[in-house]
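Notes follow the structure.
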Protein chains: 2
Amino acid sequence: MIIINNPNINDALIALRNGISSKNTIVALLHCRVRYEGRGSSVLEYGDRIFIIKQDGAVLIHRPTGYSPVNWQPSTSYIRVSIENGLLHIIAVRNKPREILDVEAKKVYSIVIASLTDTGRFYEVMDESIIRDVIASNPKVLGENFTTIDVEKKIEPGFVDLYLRDEKGRLVVVEIKRVKASVNAVKQLIKYVSSLSKYVPRGKLRPILVAPEFTESAIVAAKKHGVELKSIDVLKLESIRRRELEKRGEGLLRYIR
Amino acid sequence: MIIINNPNINDALIALRNGISSKNTIVALLHCRVRYEGRGSSVLEYGDRIFIIKQDGAVLIHRPTGYSPVNWQPSTSYIRVSIENGLLHIIAVRNKPREILDVEAKKVYSIVIASLTDTGRFYEVMDESIIRDVIASNPKVLGENFTTIDVEKKIEPGFVDLYLRDEKGRLVVVEIKRVKASVNAVKQLIKYVSSLSKYVPRGKLRPILVAPEFTESAIVAAKKHGVELKSIDVLKLESIRRRELEKRGEGLLRYIR
DNA sequence: GTCTCTATTTCGTGG
DNA sequence: CCACGAAGTAGAGAC
């Protein structure tokens, strides 16, 4: 690992070039300005930023606040470091799509260069597909005696999350949202239903939108279009899933403790 | 600025606590694992990562590749640093929504702490709102003798980008996309039109989708629903805008050179 | 505060 | 490779 405090511009140049050619992770604090041209185009005036080059050539420039990088390059075809008019330039180019990021540093506060090894796996505990699978294998959590017919089935406008059958033999078309459902979710469901109604009589179809909460406009649209709303408790579904996984010896507890 | 190379766990603890309480930017390289619980929930096994605490309490954990952070906290209510069972813990809590991020570091490779000042302004040269404004002040770029009525106007399902009037006195409802428009853009426009048709007879309404390109399904859906498609050349609009800005002495050239 | 929409969205998945 | 949809989306703007 290399740590350089307050380097002059030539030392910074050499360090960055070495770090890039050896495909290491580089984290620097710079006083810089940035220009970007590609899918969009932007200018960022001078200021202090965190500058990162990752081992795959991804470049990130972060301001001192906020989640999002102010400028970036997801991965690069090449990165060129040079000195022009006494200023350090880092130019990161991506070819598909063609994009150019030009970082012009007036001052380099610090550079850290390291070879990072990260093989640790990442587990999402509950996303929409998992919620869908938990409901598919436990359709009664929706509060009725449903049976599962199909999961994530393509019909023409898109994918229906879940098909169930209710006690009266009707086809239940389920759209699932992991977070509060907005009017868009209702529209999506209506779209599926109108497509399905070519094959199934409308009276045999029950569209249900499943989510922890619903926006007001979603509630209005649902009422208007005959869409049922069913709330779910994601934490409850999570505990059901955990139980299932534990039963199969795949529990997350393995990883958590 | 403080730079610490390979600190022991107690020195790391003290440095982090100082950095947090003084609201500085902290960038560290850690061998850590991460647990997240909140809107979602996830587990990240041990590995080397870039760890950042920003001056507003935002926390980012980056793996050595890729654009996105693997874990994060957009801004925090509080951050607590402690040692438990000989391991460094950084716990970042956000209250709305309630989310907890727990970083457990087994090894600290480096810590850099600095007070960054970044007042530099950020200019987007061409985003959708700018394209919309350029068309609004030059509606003839769409190839007809349009006049502008209104911009970014709320109707119930949402916001219409642009209202124009054509030579036959019809109300032109414009939806603008900066990049290739997909079928969703058509749907959005249809949504507005069906809402407007309560007030304006359908024959007096002209929905137009404006974008540099259109996906095949967008073209099909547009034809089916009577939506017109008009291509724009964003670069051409950009030169129009530049001319307008220069005329007003607000040209970007001020900033670019 | 809620809702809506854009984004150099990114990221995955499916065709 | 393109097209579509989800995201712990974030961030901005309007009401």
Side-chain angles (χ1 to χ4, degrees), chain A residues 34-42 44 58-61 65-75 92 94 96-101 122 124-129 131-132 152 154 156-159 161 175-185 188 213-218 234, chain B residues 34-42 58 60 66-75 94 96-101 122 124-132 152-161 175-185 187-188 191-192 213-220 234:
Chain A
V34 184
R35 285 196 284 159
Y36 159 75
E37 188 98 16
R39 287 169 295 173
S41 113
S42 66
L44 175 66
V59 176
L60 302 171
I61 295 145
T65 58
Y67 160 91
S68 311
V70 60
N71 282 109
W72 69 92
Q73 196 78 284
S75 80
R94 175 154 91 140
K96 248 175 132 66
R98 180 71 179 181
E99 300 187 286
I100 299 174
L101 190 66
F122 180 69
E124 285 270 10
V125 180
M126 270 310 214
D127 63 11
E128 196 192 274
S129 67
I131 292 175
R132 185 237 295 144
E152 196 69 5
K154 172 132 194 167
E156 222 355 275
F159 287 85
D161 284 339
E175 173 67 29
I176 298 166
K177 291 290 162 203
R178 198 182 45 80
V179 292
K180 186 187 270 197
S182 78
V183 66
N184 283 333
Q188 208 175 331
E213 292 176 276
F214 307 91
T215 67
E216 190 52 37
S217 61
V234 175
Chain B
V34 185
R35 285 195 285 159
Y36 159 75
E37 189 100 16
R39 286 171 294 174
S41 115
S42 66
L60 301 172
Y67 161 89
S68 314
V70 59
N71 282 109
W72 68 92
Q73 198 76 287
S75 78
R94 177 157 96 143
K96 243 176 136 66
R98 181 71 177 178
E99 302 187 285
I100 299 173
L101 190 66
F122 179 70
E124 286 268 10
V125 179
M126 269 308 200
D127 64 10
E128 196 193 273
S129 69
I130 297 172
I131 291 174
R132 185 238 294 145
E152 197 72 4
K153 184 89 176 171
K154 172 132 192 165
I155 60 168
E156 222 358 273
F159 290 83
V160 170
D161 284 338
E175 173 66 29
I176 298 166
K177 292 293 163 199
R178 195 184 47 80
V179 293
K180 186 187 271 196
S182 77
V183 66
N184 282 333
K187 305 261 165 166
Q188 206 175 331
K191 189 176 70 176
Y192 297 142
E213 293 176 277
F214 308 91
T215 67
E216 190 52 38
S217 61
I219 295 170
V220 171
V234 175

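Proteins come first, then strands; the chains are lettered A, B, ... in the order of their sequence lines, and each starts at number 1.
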Nearest-angstrom distance from the residue atom [atom1] of [X] to [atom2] of [N]:
| X | N | atom1 | atom2 | result |
| --- | --- | --- | --- | --- |
| B/Asp161 | C/dT6 | CG | P | 6 Å |
| A/Glu128 | C/dT13 | CD | P | 14 Å |
| B/Arg132 | C/dA7 | CZ | P | 10 Å |
| A/Asn184 | C/dC3 | CG | P | 13 Å |
| A/Glu37 | C/dT8 | CD | P | 13 Å |
| B/Leu60 | D/dG8 | CG | C1' | 13 Å |
| B/Lys187 | C/dC5 | NZ | C1' | 19 Å |
| A/Ile176 | D/dG5 | CD1 | P | 16 Å |

Side-chain N or O of [X] less than 4.0 angstrom from OP1 or OP2 on [N]?
| X | N | value |
| --- | --- | --- |
| A/Asn71 | C/dT8 | no |
| A/Gln188 | D/dA6 | yes |
| A/Lys180 | C/dT2 | no |
| A/Ser217 | C/dT4 | yes |

Using the C1' atoms only, state how far C/dT10 lies from C/dT6, rounded to an integer number of Å.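 Roughly 14 Å separates the two C1' atoms.
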Taking the C1' atom in each of C/dA7 and C/dC11, what is the distance between them to the nearest angstrom?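 About 14 Å, rounded to a whole number of Å.
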Run the salt-bridge test on B/Arg94 and B/Glu99 with the 4.0 Å N-O cut-off and return the result as yes or no.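 Salt bridge flag = yes for B/Glu99 with B/Arg94.
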So that I can tick it off, tell me whether A/Glu37 and A/Arg35 are bridged by a salt bridge, with the cut-off set at under 4.0 angstrom between side-chain N and carboxylate O.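 No.
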At under 4.0 Å between heavy atoms, what does [X] touch on the DNA or RNA strands: base, sugar-phosphate, or nothing?
| X | value |
| --- | --- |
| B/Gln73 | base |
| A/Gly38 | nothing |
| B/Tyr192 | sugar-phosphate |
| A/Val70 | base |
| A/Glu213 | nothing |
| B/Pro97 | nothing |

Nearest 0.5 Å, what's the [atom1]-[atom2] distance between [X] and [Y]?
| X | Y | atom1 | atom2 | value |
| --- | --- | --- | --- | --- |
| B/Lys177 | B/Thr215 | NZ | OG1 | 12.0 Å |
| A/Leu101 | A/Leu44 | CG | CG | 10.0 Å |
| B/Gln73 | A/Tyr67 | CD | OH | 12.0 Å |

Treating primed atoms plus P, OP1 and OP2 as sugar-phosphate and everything else as base, which nucleotides of nucleotides 9-15 of chain D get B, S or - for protein heavy atoms under 4.0 Å? SSS----
A/Val183 or A/Tyr36, whichever maps to the more 5' nucleotide of DNA chain C: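 It is A/Val183, whose closest nucleotide lies nearer the 5' terminus.
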If you pin B/Lys177 and B/Lys96 to their nearest nucleotides in DNA chain C, which one's is more 5'?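 This one resolves to B/Lys96.
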Can you name the side chain to side chain donor-acceptor pair (under 3.5 Å) partners of A/Ser182, sequence neighbours left out?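 A/Ser182 satisfies side chain to side chain donor-acceptor pair (under 3.5 Å) with no residue once adjacent residues are dropped.
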Looking at C/dA7, D/dG8, C/dT4, which one has an atom nearest to any side-chain atom of B/Asp127?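 The answer is C/dA7, which lies nearest to the side chain.
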List the atom of B/Phe214, the atom of B/Ile219, and the distance in Å for their closest heavy-atom pair.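 That closest heavy-atom pairing would be CB-CG1, 3.9 Å.
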For B/Arg98, check salt bridge (Lys or Arg N to Asp or Glu O under 4.0 Å) against everything at least two apart and list the hits.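 Scan of B/Arg98 (salt bridge (Lys or Arg N to Asp or Glu O under 4.0 Å), adjacent residues dropped) gives none.
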